[in-house]
Number of protein chains: 2
Amino acid sequence: MANINEIAKIAGVSSATVSRVINRNGYVSDDTRAKVEAVIKKLDYVPNRNAVFLKTGTTKMLGIIAPDFSDSLTVFLRSFTLAAQKEGYNVTLFITGGDKQKELDAFEMLRHKQLDGLVLVIRLNDWDQLEPFTKYGPIVTWQRVDSKHIPSVFMNHYQGYMLGLEHLYASGCRNIANLYGSTRGLNTKSRMQAYADFCQKYKLDPKLEQQFKGLNSIEDGEAILDWYAEQSDKPDGFATSSDAVAAGLVAEARRRGYNIPTDFSVVGFDNIEISRLLDITTIDYPIAKQAQNAFTIIFNQLLYKNLPLLPLEFDLIKRKTTR
Amino acid sequence: MANINEIAKIAGVSSATVSRVINRNGYVSDDTRAKVEAVIKKLDYVPNRNAVFLKTGTTKMLGIIAPDFSDSLTVFLRSFTLAAQKEGYNVTLFITGGDKQKELDAFEMLRHKQLDGLVLVIRLNDWDQLEPFTKYGPIVTWQRVDSKHIPSVFMNHYQGYMLGLEHLYASGCRNIANLYGSTRGLNTKSRMQAYADFCQKYKLDPKLEQQFKGLNSIEDGEAILDWYAEQSDKPDGFATSSDAVAAGLVAEARRRGYNIPTDFSVVGFDNIEISRLLDITTIDYPIAKQAQNAFTIIFNQLLYKNLPLLPLEFDLIKRKTTR
DNA sequence: TTGTAAGCGTTATCAG
DNA sequence: CTGATAACGCTTACAA
């Protein structure tokens, strides 16, 4: 394939001039420009980007690391990709499947200068292991992180979760079961704190046997019905940490002939498509906006800009699974 | 940051030797190897991949182009990414949003040697526009394509759709409405053909006023209920081209108090999570396997291998929306 | 306004 | 087994 020297030779100029034509910097007379452009077009020439990358030390490629696909990741990915593309960046996805080494591999690509920036959705390795990489390029996380070097688009779930709890209380629930997500995550801690404060505020018994952790999938939600069926002191409301879990719960309950919200109420979390489909009351979690902010942070850092971030807040979406 | 020459100097060898150590080709004495490796570790050196790319003319990066996110794209993307990562390739996603130019941009990246291969999910530009790019690297499509140069993991939807139709017939439906997808796609044509043949086989009236085209989303499925409510001669079965449409239809029907399958039957298409959640009878469409095949085809072409492809076939998944 | 030439950091071919 | 050295294709001072 043709390269810049070939173009230069045919056009009767130097490669430097061709480069100037391509990149529109430096002075080039209209004549020469026209001549060069004609040759470029005729030979169907394009610069080899790898050479450009080597020279400029930038790839216009961003990475996003996650353990696996999930509904909310999809929302995030979509929004992030769109924002990035608008500024001429491409996005590559790393699915670690829980493998710490794979997470590190992605960070290595930043170090190898193959990536300009990185978004870490859910961290696998320890922060002190990851933090050293900040010197190779901007890194943003979706989780909360107590690091000066790693910015985050994290939102404190305490308020969001409390919104759901308060709604359940207002609609008559006094015996609420909680379906928390990841046992390790800080979000779970915030939610548990919200529940504790909630119980204290309304003088409720924070029944510990009704608090579940580590539930994430639709299947996890469905499985709860087995537990529910066996209880004598059944909860009258479920607060959940994701729409997926809530969806599993609601779908399985309907299958088994329970009536929601007569038998019990359910509040989801995220406000993704599935909750709308199943008419599940949920908490709107502005993931798309977070993703846009993630990009903006990286972009700002990369180009020494200072573009403003979008404001983020939770919102209760009342639907049919609560009274 | 340290480069290969620096390592070479400190280790007291030449850069060629360092390169041999890194890439484990050529002979290096154990002594020298140990010495070099020690320096590499001490200086925390990694090769600059952009230099490697420039030199080798390969990036270990594949692209996947789609107009937008959808449930089935997510399944495809997930499976493809996993397969690619297993062989050391990364995947970058191009969302065109229906913009032909963006599709071309991705193809340009192949030409610019920034991508080793490309998967085109749904084509926007004409084939003759795209075909010239095959000389820059392997391209695979998910759609059917009558081109010698562009392989496809396409499955003829005729048989799959017929499976659903036959099932509806067997369970008593004699008045079937069809909810087709994209008006342009060949899949829609195949499905329509299947329906035509089906009607002929069983001597049914192929009621043209009950055939809808261009339905893709959950919302589209929901909207059908408005139409249904107004009909005097109501269909007793719906065949659909996607689980999303079927899900919208089923969810909205249940909301409005219809009983499925008593009032009418519904067959989805794809067998993605949502159909399981809503207990929708559907046709299993092995998207994940198609994605694996897509990768295998690219991989084979890139490395002159001849790995076998997975066999693909449709399957009826009987659930609760049909009798 | 244009050309020369020195890198960017590797890999790979030849000698030795 | 190891070392020089010539590419790979481009950008960018510095000269002219």
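Letters A, B, ... are given to chains in the order of the sequence lines, protein chains preceding strands, and every chain is numbered from 1.
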Taking CD1 from I7(A) and P from dC10(D), how many angstroms apart are they, rounded to a whole number? 9 Å
When you measure from the side chain of N3(A), which nucleotide among dC1(D), dC10(D), dG9(C) comes out closest? dC10(D)
Give the rounded distance in Å between these two atoms: CG of L54(A) and C1' of dG7(C). 9 Å
Distance in Å, L120(B) CG paired with I139(B) CD1, rounded so as to fall on 0.5 Å steps: 8.0 Å
To the nearest Å, give me how far apart CG (N50(A)) and P (dT10(C)) are. 14 Å
Start with the C-alpha distance between S242(A) and D270(A), add both sets of side-chain angles, then the distance that settles side chain to side chain donor-acceptor pair (under 3.5 Å), and finish with yes or no. CA-CA 6 Å; S242(A) 82; D270(A) 287 344; 5.2 Å; no
Interatomic distance where NZ belongs to K35(A) and P belongs to dT1(C) [whole Å]: 14 Å
Looking only at dC1(D), dT10(C), dA4(D), the nucleotide nearest the Y45(B) side chain is dT10(C)
Rounding to an integer number of Å, can you tell me how far I40(B) CD1 sits from dT10(C) C1'? 13 Å
Find the distance K9(B):NZ to dG9(C):P and express it as a whole number of Å. 13 Å
Could you tell me whether E6(A) and K9(A) have a side-chain N and a carboxylate O separated by less than 4.0 Å? no
Does the distance from a Lys or Arg side-chain N to an Asp or Glu carboxylate O, for K100(B) and E103(B), drop under 4.0 Å? no
Reading nucleotides 11-16 of chain D from the 5' end, what letters show protein touch, with B for base, S for backbone sugar-phosphate only, - for no heavy atom under 4.0 Å? BBB---
Separation of dT1(C) P from D31(A) CG (nearest whole Å): 11 Å
Hey, are the side chains of I65(B) and K102(B) touching, using non-hydrogen atoms and a 4.5 Å cut-off? no
Between dG7(C) (C1') and N48(B) (CG): distance, integer Å: 14 Å
Evaluation steps, ring-ring contact (aromatic ring centres under 6.0 Å, His included), between H157(B) and Y285(B): CA-CA 9 Å; H157(B) 286 205; Y285(B) 178 31; 4.8 Å; yes
